[in-house]
Amino acid sequence: MKISDFHSTFLKFRRDVMREFIFKANKTITSSDINLKDLPGSCGRLDLLCRCVSDAFFLSHDIRRDVIFYAVLYGQPNPPVCIKFVGSELRKVSPDERNIAIFIKKALKKFEELYEEERKSWNQSTPGIYVKRLGFRDLILEKLNEGKNIYYLHKDGKDVENVDIENPVFILGDHIGIGEEDEKFLEEIGAKKISLSPLELHANHCITIIHNVLDKRGLYGV
Ligand SMILES: C[S@@+](CC[C@H](N)C(=O)[O-])C[C@H]1O[C@@H](n2cnc3c(N)ncnc32)[C@H](O)[C@@H]1O
């Protein structure tokens with residue numbers, strides 16, 4: 001098959017879809033006092049959040065511009081803090097954990113410099129990275145109001161192979177999960193619970209698998 005034929009076949013099946021993720025970081029630090037040498041310990045599993053950001057955006061020598069990734073941080077001293085990463089706007093971010101942690105540190109520094117009133121809106125810290133005072137449930141309600149479909153990634157959900165995915169926001173927990181109360185909330189709002197494997201996976205691996213599922217279905221963003 002010629003490359004041009006492949007390209008037109010690919011485009012025929014391609015449907016424009018943004019991919020959004022919401023990651024609940026139960027223990028991740030909410031001050032800029034980040035020790036880059038201790039991301040898992042004193043920073044409350046910031047290593048895991050950085051890996052999620054890396055797997056959400058980075059292709060080999062390219063970036064997924066159709067992804068928006070939200071992390072809601074619930075660690076001390078000032079929770080909740082929501083950090084938003086917009087793939088089409090990111091500049092100078094690279095896939096390694098340390099580099100991403102430096103950008104998160106800048107976002108938290110920006111947050112510290114704002115008055116509480118200013119924190120109610122999105123504030124850009126560096127290109128494509130924004131910070132706001134926003135809790136996990138309120139963010140999900142905002143997404144529902146935007147007309148998004150909420151998919152909760154969980155081992156015991158329905159096999160992803162049997163689920164149609166449209167206009168998605170994927171919800172993920174960290175090493176602790178999202179907690180019973182938030183699971184109940186997702187059930188109440190009618191989130192679809194979908195499984196990627198019969199085994200318990202790391203959150204960042206779930207992101208890679210979901211990308212793979214959507215890539216193969218031709219569900220790309222613009
Ligand atoms: C390490 S797991 C969390 C484990 C935690 N002990 C719990 O009980 O939720 C991190 C997150 O990855 C997602 N996850 C893990 N395994 C999964 C699977 N097989 N299918 C779909 N999502 C999964 C879930 O969102 C989970 O909260």
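The first residue of the sequence shown is numbered 1, and numbering continues consecutively from there. Both ligands and their constituent atoms are indexed starting at 1 by order of listing.
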Among all the protein's non-hydrogen atoms, which is closest to atom 11 (C) of ligand 1, and how far away is it? Gly173 O, 3.2 Å
Using a heavy-atom cut-off of under 4.0 Å, does the side chain or the backbone of Ile178 touch ligand 1, or both, or neither? neither
At a 4.0 Å threshold, what atoms of ligand 1 neighbour a non-hydrogen atom of Ile194? 21 (C)
Within 45° cone of Tyr152 ring axis and under 6.0 Å: Lys193 NZ or CZ: no
Parallel, tilted or perpendicular: which fits the ring planes of Phe57 and Phe69, with parallel below 30° and perpendicular above 60°? perpendicular
Who's the nearest protein heavy-atom neighbour of atom 6 (N) of ligand 1, and how far? His175 O, 3.4 Å
Does Glu117 have more than 12 heavy atoms from other residues, nucleotides or ligands lying within 6.0 Å of its CD? no
In Å, rounded to the nearest 0.5 Å, how long is the span from OG of Ser54 to CG of Leu49? 11.0 Å
Quick one: nearest non-hydrogen protein atom to atom 3 (C) of ligand 1, plus distance? Asp174 O, 3.2 Å
If you have a sec, work out which protein heavy atom is nearest atom 7 (C) of ligand 1 and how many Å separate them, to one decimal? Ile176 O, 3.8 Å
Would you check the N or O atoms of Leu201, main chain and side chain alike, for any that come under 3.5 Å of an N or O of ligand 1? yes
Below 4.0 angstrom from a heavy atom of Leu172, which ligand 1 atoms are there? Numbered from 1 as shown, please. 25 (O)
Under a 4.0 angstrom heavy-atom cut-off, which atoms of ligand 1 come close to Cys206? 12 (O), 13 (C), 14 (N), 15 (C), 17 (C), 22 (N), 23 (C)
Using the six-membered ring wherever Trp is involved, compare the ring planes of Tyr151 and Phe170 and label them parallel, tilted or perpendicular (cut-offs 30° and 60°). tilted
With a 4.5 Å cut-off on side-chain heavy atoms, are Leu201 and Ile209 touching? yes
